[in-house]
Amino acid sequence: MPAPRLSDKRWSIDLEKRIQEEHFADEAKYSARYGFNPNSGKEIFVIDTPPPYPSGTWHIGAVAQYSMIDVIARSQRLIGKEVKFPWGVDRNGINVEFTVEKNTGRKMKTYDRAEFLELCAETIEEFTQSMRDTARRVGLSMDYANEYLTDSPDYRKVTQAIFTELFKQGTIVEDLRPNIYDPVEGTTIADAEVQRLQRMTRLIDVKWQTEDGEELIISTTRPELICACGIVVVHPDDKRYQHLVGKKAMLPLPVDGREVSVEIATHPSVKSEFGSGILMVCSFGDQNDVTVFRELGLAPFQAIDLDGCMTSIAGPFTGMKVKEARDAAIEYLDANGKIDKIVEKEQEVPVSERGKNPVEIILLKEWYVRQTHIQDRISELAEDIEFHPPRNKQFLQDWMDNISIDWPISRRRWYHTEIPVWYADDGAKIIVPPAGIYVQPWCQDPPAGSEVLDRETREILGNFDKLKDSLGEIIGEEKVFDTWMDSSNSNLFVSGYLNDMDTFEKAFPTAIRPQGKEIVRTWLYYTLLKSALLLDKPGFKHVWIDGLGMDPWGRKMSKSLGNGIDADSVLECGAGGRTGSWRVRGPDKSVQLKANKIGSECFRLWKACDAQVGDDFHINPEEIESKYFGVLTKLFNVARFASQFDAPANLDTTPDNLPVEDRWILAEFANTMEKAENAWRGLDIYNATQALKTFGTGILPSHWLEMAKSRLYDGDQEAAWTVHRIVRDFMAALSPVCPFFTHHISSTLYDSSAVDVREFPERTPSDDELRSLTSAIEEFNGNTWRSKKEQGISLNAPVEGIVIPDELSEFTSILTRMHKLE
RNA sequence: GGGCCCGUGGUCUAGCGGUUAUGACACCUCGCUUACACCGAGUUGAUCGUGGGUUCAAUUCCCACCGGGCCCA
């Protein structure tokens with residue numbers, strides 16, 4: 001037997017790692033292979049890769065999602081597109097600030113700002129490195145040489161330029177409004193960042209009195225806010241209290257610098273069955289209070305300051321933290337006989353997603369992106385976007401239907417992009433930098449070329465360089481942007497906005513936004529908002545929303561459930577003879593999962609085959625191995641078998657004397673390749689991979705290879721041509737899913753790599769009549785094998801009495817030879 | 001409370017109005033056959049969550065319910 005050119009006996013994780021190392025080692029070669037050339041003349045396909053946020057470990061579900069984004073990138077290259085697959089890292093944000101605070105045991109605001117930023121930059125860089133490694137390990141064919149970081153001047157200057165443009169346009173405004181505020185972290189947060197937690201709270205029934213002495217019971221969980229009470233309301237249909245409407249209620253706590261009584265009015269938002277059915281409305285206990293104040297045109301009180309302490313209107317409670325003030329207020333009310341009863345009750349408390357601190361709603365001057373006016377237009381623009389799967393568009397629509405307030409974008413934190421403005425001494429003028437320069441107003445003066453604008457009307461008053469001396473002392477803005485303000489530019493940035501407008505013209509709307517469904521209301525929504533405001537265009541041609549990686553029982557993986565599986569352990573499973581084992585807490589008991597070998601190729605194949613886009617997927621290493629490693633083994637061995645026969649030089653020209661069985665399998669192969677190509681064009685990973693897997697592990701080895709074997713051993717050139725043509729093209733078609741596997745096989749056998757194919761392989765000759773015989777062939781082979789089995793003879797033993805059906809008469813000689821029919 | 005998704009052989013999964021309801025893994029039986037024993041071949045195994053409805057026809061469409069999950073309030 002001639003030696004196979006594939007020398008390894010089987011596919012292994014060590015082999016996989018060897019190929020990977022070699023693949024990434026030569027940077028020039030890597031860039032030539034996967035880099036982006038906007039001037040190639042090919043159709044540009046820009047992928048707005050989600051820039052991961054570096055935090056110790058990368059969730060295996062996310063790694064699986066990224067591997068599918070890579071499949072999209074590779075399959076688009078395969079069908080001839082010029083793909084830009086950028087590698088970006090999202091590094092702005094409160095998370096790294098928390099990490100530094102935790103590591104050093106010091107709160108951010110006790111640091112010098114520059115010193116703190118330095119610590120954040122160091123910390124985030126450490127985390128970033130491990131993500132770069134994992135990205136390569138799972139085979140992501142990204143443009144690492146042109147890595148972008150959202151905390152770099154290059155990226156931040158784009159965010160700042162977009163801000164300035166929207167400000168001039170009037171869609172970004174500065175205003176004093178009630179804001180959701182985290183007093184512990186000292187920053188405003190957006191609606192999308194609020195979470196609700198169940199907590200035990202005291203519900204206090206406080207005795208109030210009208211000015212003429214009638215007693216009212218009002219239930220509240222926030223008695224410290226009585227000083228900010230603007231009105232007392234009852235439901236308009238509540239018969240019990242109609243006589244009170246129009247009267248005044250005396251505040252049951254002492255206050256300072258404000259009226260001691262408030263009006264009693266009606267409002268439809270009151271729930272009559274809750275407590276006594278009378279509600280005090282304070283600025284601001286919750287979102288409903290905000291609504292009532294706005295609707296009734298009441299002037300809000302500032303009861304809580306930026307440190308989370310009571311302001312002077314709280315009288316005796318001034319300066320106390322909210323929680324202390326609450327205790328003191330209860331004590332005071334109790335001492336004065338103004339408490340009817342106190343009930344401990346479970347209640348949902350709004351907290352900040354990042355810090356888990358109870359949030360307050362307070363009046364603050366902040367920056368906002370106006371968004372309520374443009375919802376209809378975004379919906380209209382979104383009609384031109386193709387969603388994969390279509391149903392996941394609903395997540396976006398649901399969120400948009402619920403938007404009622406503008407997006408507050410300013411934050412009182414540090415490791416974020418700075419808001420690029422300065423204020424003139426008189427407070428009436430504002431200075432903005434020219435586009436293309438990253439500025440830090442908290443420590444820098446406005447750069448040359450800045451403009452001076454009227455703070456209210458945004459009218460351009462002139463060039464800063466000329467007006468400089470008339471502006472008095474210039475104060476830099478200290479606030480920064482919400483991180484989504486940065487990340488929602490990612491598609492603009494990667495498509496070349498501001499940096500390469502020629503490419504941008506060709507590349508926008510960005511070809512595809514792949515992402516998880518959990519950030520539709522933030523990342524996707526804010527990006528579409530930006531595209532609509534800035535360019536009045538849809539941000540994308542395709543939006544690809546994948547499901548989430550779940551534990552083997554279909555539950556979300558989380559630290560608290562103890563059901564997490566680490567990505568690296570799966571990718572390294574089988575390397576150097578080590579096996580993988582995972583202790584995972586199930587719904588009933590802990591389960592020990594074990595696997596011997598997985599690696600990136602098997603992992604990717606599993607994700608591609610096992611879950612349709614958009615479906616949540618269960619991650620069970622045992623299952624990944626048992627269902628998919630065998631597929632790789634099978635395909636590897638088909639190729640290894642082929643590799644012992646020399647490949648004819650002219651694989652692109654079909655010989656004209658092919659026997660019927662070769663024409664038959666080539667027709668079947670053509671059909672498989674057509675399915676695969678159509679699926680790749682339609683971004684349908686599942687069906688492309690399924691078609692290839694079915695052919696490559698089924699009909700090809702089981703039926704055709706068995707027929708062709710003896711011819712191959714006889715040195716038959718047509719059989720060699722057929723098997724090599726199929727193996728070569730098959731590897732190209734599968735290369736998006738298993739790049740290293742197919743690269744190894746194709747470069748060993750054909751001296752050219754499957755991952756370099758930039759045009760989907762030409763179809764082999766098709767023949768519907770021959771294809772119609774496929775089931776007959778399968779049935780005949782099956783029957784023959786069964787018959788041998790029933791006779792107790794081995795499959796390669798001669799057999800008598802088998803009759804080939806008429807429809808397969810063309811195959812008589814090959815079937816006779818294959819089964820040794822006598 | 002609202003939205004979305006999912007309940008198909010032991011396990012996972014395909015199906016998207018008419019199929020002998022895919023396929024994989026596991027089980028069982030047989031076979032060391034010049035690619036593959038980490039293999040091959042052949043069996044066994046499903047009232048398609050429950051109850052209604054639409055239809056000549058329902059796993060597939062509609063409604064209700066039950067169960068699981070995710071997101072949001």
Side-chain angles (χ1 to χ4, degrees), chain A residues 1-6 8-13 61 191-192 194-196 286-288 348 350 389 391-399 401-402 404 516-522 545 547-558 574 587 595-597 602 605-606 609-612 614-620 622-645 686-687 690-691 693-694 697-698 700-702 705-706 708-710 712-714 723 727 781-797 818-820:
Chain A
M1 159 179 162
R5 294 183 69 176
L6 283 171
D8 293 84
K9 283 213 133 175
R10 56 179 66 92
W11 182 250
S12 70
I13 311 307
D191 223 11
V194 177
Q195 202 188 14
R196 269 142 223 280
D286 57 30
Q287 281 297 346
N288 188 54
E348 279 191 338
R391 66 179 141 80
N392 277 3
K393 187 179 182 182
Q394 193 63 34
F395 292 119
L396 177 69
Q397 202 56 55
D398 286 352
W399 177 245
D401 290 345
N402 283 316
S404 60
K517 64 184 186 187
E518 74 281 10
I519 48 176
V520 167
R521 69 200 173 108
T522 48
I545 301 176
L548 297 165
M550 302 291 186
D551 80 359
W553 301 271
R555 303 167 310 164
K556 199 174 170 173
M557 288 186 183
S558 70
N596 294 319
K597 58 215 172 304
C602 180
L605 182 63
W606 156 75
C609 282
D610 219 64
Q612 303 251 27
D615 290 345
D616 292 342
F617 48 97
H618 303 183
I619 302 176
N620 183 342
E622 282 186 358
E623 225 177 274
I624 296 174
E625 179 186 30
S626 65
K627 290 173 76 165
Y628 295 101
F629 203 87
V631 175
L632 289 177
T633 305
K634 188 78 194 169
L635 296 176
F636 188 84
N637 279 305
V638 169
R640 187 165 183 270
F641 174 66
S643 79
Q644 59 189 302
F645 310 105
Y686 181 84
N687 283 303
Q690 284 289 340
K693 186 185 106 178
T694 304
T697 61
L700 174 73
S702 306
L705 221 47
E706 291 301 325
K709 246 180 193 174
S710 49
L712 285 163
Y713 288 127
D714 290 349
V723 72
V727 170
N781 287 338
N783 287 342
T784 308
W785 286 321
R786 186 181 309 122
S787 159
K788 287 187 175 184
K789 200 172 143 64
E790 278 161 5
Q791 293 178 45
I793 56 181
S794 82
L795 290 177
N796 71 341
M818 169 183 176
H819 293 292
K820 298 189 177 145

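By convention in this document, chain letters (A, B, ...) are assigned in the order of the sequence lines, proteins followed by strands, and residues within each chain are numbered from 1.
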- Task: Assign K788(A) to base, sugar-phosphate, or nothing according to its heavy-atom contacts below 4.0 angstrom with the strands shown.
- Result: nothing
- To the nearest angstrom, the CD1-C1' distance between I793(A) and rU29(B) comes to 17 Å
- D398(A) has its side chain closest, among rU11(B), rG3(B), rC38(B), to rG3(B)
- Using a heavy-atom cut-off of under 4.0 Å over every strand shown, decide if Y686(A) touches base, sugar-phosphate, or nothing. sugar-phosphate
- Taking only the side-chain nitrogens and oxygens of T633(A), find out if one of them lies under 4.0 Å from OP1 or OP2 of rC39(B). no
- Report the nucleotide, chosen from rC39(B), rG42(B), rU33(B), that has the shortest atom-to-atom distance to any side-chain atom of L795(A). rU33(B)
- Minimum-distance nucleotide to M550(A) side chain [options: rC36(B), rG69(B), rG23(B)]: rG69(B)
- Task: Check if the side chain of K517(A) and the base of rC71(B) share a donor-acceptor pair of N or O atoms closer than 3.5 Å.
- Result: no
- Message: Between K517(A) and D616(A) (salt bridge meaning N to carboxylate O under 4.0 Å), is one present in this structure?
- Response: yes
- Message: With a 3.5 Å limit on both atom pairs, tell me what rC39(B) is paired to, counting Watson-Crick and G-U wobble, or say none.
- Response: rG31(B)
- Look at all strands and tell whether K709(A) reaches a base, only sugar-phosphate, or nothing, counting heavy atoms closer than 4.0 Å. base
- Side-chain N or O of R786(A) less than 4.0 angstrom from OP1 or OP2 on rU43(B)? yes
- Task: In whole angstrom, give the distance that lies between atom CG of L705(A) and atom P of rG40(B).
- Result: 12 Å
- Query: Is Q791(A) touching bases, backbone alone, or none of the nucleic acid, heavy atoms closer than 4.0 Å?
  - Reply: nothing
- Query: Under 4.0 angstrom, heavy atoms only, what part of the nucleic acid is R521(A) near: base, sugar-phosphate, or nothing?
  - Reply: sugar-phosphate
- Task: Answer with base, sugar-phosphate or nothing: what part of the nucleic acid does K597(A) contact at a heavy-atom distance below 4.0 Å?
- Result: base
- Task: Would you classify N637(A) as touching base, sugar-phosphate or nothing, given that sugar-phosphate means primed atoms plus P, OP1 and OP2, and contacts are heavy atoms under 4.0 Å?
- Result: base
- Paired with rC65(B): which nucleotide, if any, by Watson-Crick or G-U wobble criteria at under 3.5 Å for both distances? rG49(B)
- Query: Under 6.0 Å from the six-membered ring centre of F629(A) and within 45° of its axis: does the NZ or CZ of K597(A) meet both?
  - Reply: yes
- Message: Parallel, tilted or perpendicular: which one describes the rings of W785(A) and H819(A), with boundaries at 30° and 60°?
- Response: perpendicular
- What is the nucleic acid contact for S643(A), judged by heavy atoms within less than 4.0 Å: base, sugar-phosphate only, or nothing? nothing
